[in-house]
Amino acid sequence: VQLQASGGGLVQPGGFLTLSCVASGRIFNIYGWAWYRQAPGKQRELVAEITTDGSINYADSVKGRATISRDKAKNTVYLQMNSLKYEDTAVYSCKGDLGVRSGSDLTMGYWWGQGTLVTVSS
């Protein structure tokens with residue numbers, strides 16, 4: 001199983017971006033998704049999540065500026081952010097709450113994608 005995040009880059013303040021994360025491999029089901037970020041010198045924080053019951057939650061720092069969505073057919077989660085601020089600069093990582101097939105077994109757990117760097121700068 002592999003989670004591949006993409007979409008990071010250099011963005012001007014006030015700009016927007018869309019991050020994507022695709023899960024591949026012997027996936028039985030994806031029960032939930034989350035985006036985290038870690039800024040230099042700071043702890044990793046939850047940005048947005050889609051929980052197993054379909055609830056959507058956002059960090060207060062991005063509420064009103066971020067939208068998390070999923071495409072079940074494509075095993076993909078998206079994070080759209082607008083009105084970007086300098087403090088949004090961070091490495092953004094996706095996490096999937098997966099059920100993964102291994103032979104006749106089903107393993108449940110969390111898988112992480114590699115980070116994608118978002119730099120907000122003029």
Side-chain angles (χ1 to χ4, degrees):
V1 175
Q2 184 177 18
L3 273 61
Q4 182 72 41
S6 61
L10 177 64
V11 187
Q12 290 189 338
F16 66 91
L17 59 76
T18 299
L19 304 180
S20 303
C21 179
V22 181
S24 60
R26 297 176 63 84
I27 297 170
F28 172 76
N29 199 6
I30 302 176
Y31 302 99
W33 284 105
W35 283 99
Y36 286 77
R37 68 184 181 186
Q38 186 166 21
K42 295 188 177 181
Q43 289 188 331
R44 185 171 61 191
E45 65 171 348
L46 175 66
V47 178
E49 65 177 349
I50 302 174
T51 65
T52 54
D53 65 0
S55 300
I56 292 178
N57 302 303
Y58 296 100
D60 288 343
S61 58
V62 303
K63 202 168 291 183
R65 301 189 296 119
T67 301
I68 186 172
S69 62
R70 65 186 297 179
D71 185 329
K72 290 186 176 182
K74 295 182 179 180
N75 287 344
T76 300
V77 65
Y78 304 96
L79 179 68
Q80 297 174 296
M81 291 187 63
N82 54 44
S83 302
L84 285 165
K85 306 175 181 180
Y86 292 112
E87 52 264 41
D88 292 320
T89 294
V91 174
Y92 286 70
S93 301
C94 56
K95 184 182 78 171
D97 182 3
L98 309 181
V100 175
R101 292 189 182 278
S102 178
S104 59
D105 295 331
L106 183 63
T107 300
M108 313 289 287
Y110 296 113
W111 273 259
W112 287 86
Q114 92 295 352
T116 184
L117 176 62
V118 173
T119 302
V120 182
S121 176
S122 55

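Below, all heavy atoms of this structure are taken into account, side chains as well, without hydrogens, waters or symmetry copies. Count residues from 1 along the sequence.
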What's the spacing between Thr107 OG1 and Arg101 CZ if we round to 0.5 Å?
11.0 Å
In short, Leu117 meets Ala90 closest at the heavy-atom pair CD1-O, 3.6 Å
Here the pair of heavy atoms bringing Val91 nearest to Gly115 is CG1-CA, 3.6 Å
Cys21 pairs by side chain to side chain contact (heavy atoms under 4.5 Å, CB included) with which of Thr76, Asn75, Leu3?
Leu3
With ring-ring contact (aromatic ring centres under 6.0 Å, His included) as the rule and sequence neighbours excluded, what pairs involving residues 78-111 come up?
none
With the 4.5 Å side-chain cut-off for hydrophobic clustering, are Val47 and Val11 part of the same group?
yes
How far does CD1 of Ile50 sit from CD1 of Ile56, to the nearest 0.5 angstrom?
5.0 Å
Side chain Asp53, main chain Ser55, donor-acceptor under 3.5 Å:
yes
Do you know which two heavy atoms are closest between Met108 and Gly99, and how far apart they sit?
SD-CA, 3.8 Å
Applying ring pair (Phe, Tyr, Trp, His ring centres under 6.0 Å) to Tyr36 and not counting sequence neighbours gives Trp112
Measuring from Gln80:CD to Thr18:OG1, what's the distance to the nearest 0.5 Å?
4.5 Å
Closest non-hydrogen contact found for Arg37 with Asp88 is NH1-OD1, 2.9 Å
Measuring from Ile27:CD1 to Gln2:CD, what's the distance to the nearest 0.5 Å?
10.0 Å
How long is the span from the CG atom in Asp97 to the OG1 atom in Thr52, to the nearest 0.5 Å?
6.5 Å
Test log, rule side chain to side chain contact (heavy atoms under 4.5 Å, CB included), inputs Lys74 and Ser20:
CA-CA 11 Å; Lys74 295 182 179 180; Ser20 303; over 6 Å; no
Should Tyr58 and Trp35 be counted in the same cluster of Ile, Leu, Val, Met, Phe, Trp and Tyr side chains packed under 4.5 Å apart?
yes
Walk me through whether Leu19 and Val118 qualify under side chain to side chain contact (heavy atoms under 4.5 Å, CB included).
CA-CA 9 Å; Leu19 304 180; Val118 173; 4.1 Å; yes
Do you reckon Tyr31 sits in the same ILVMFWY cluster as Val100, going by side-chain contacts under 4.5 Å, direct or chained?
no
Can you name the closest pair of heavy atoms from Ala66 and Leu79 and give their distance?
CB-CD1, 4.2 Å
Kindly check if the number of other-residue, nucleotide or ligand heavy atoms within 6.0 Å of NZ (Lys42) is above 12?
no
Side chain to side chain contact (heavy atoms under 4.5 Å, CB included) partners for Gln38, two or more places apart:
Arg44
Ignoring hydrogens, what is the shortest heavy-atom contact between Gly103 and Arg26? Give both atom names and the distance.
N-NH2, 4.3 Å
Within the 4.5 Å heavy-atom criterion, are Asn57 and Leu46 side-chain neighbours or not?
no
Just by modelled atom types, is the Ala5 backbone N or O under 3.5 Å from a matching donor or acceptor in the Gln114 side chain?
yes
From Ser83 atom OG to Lys85 atom NZ, the distance as rounded to the nearest 0.5 Å
8.0 Å
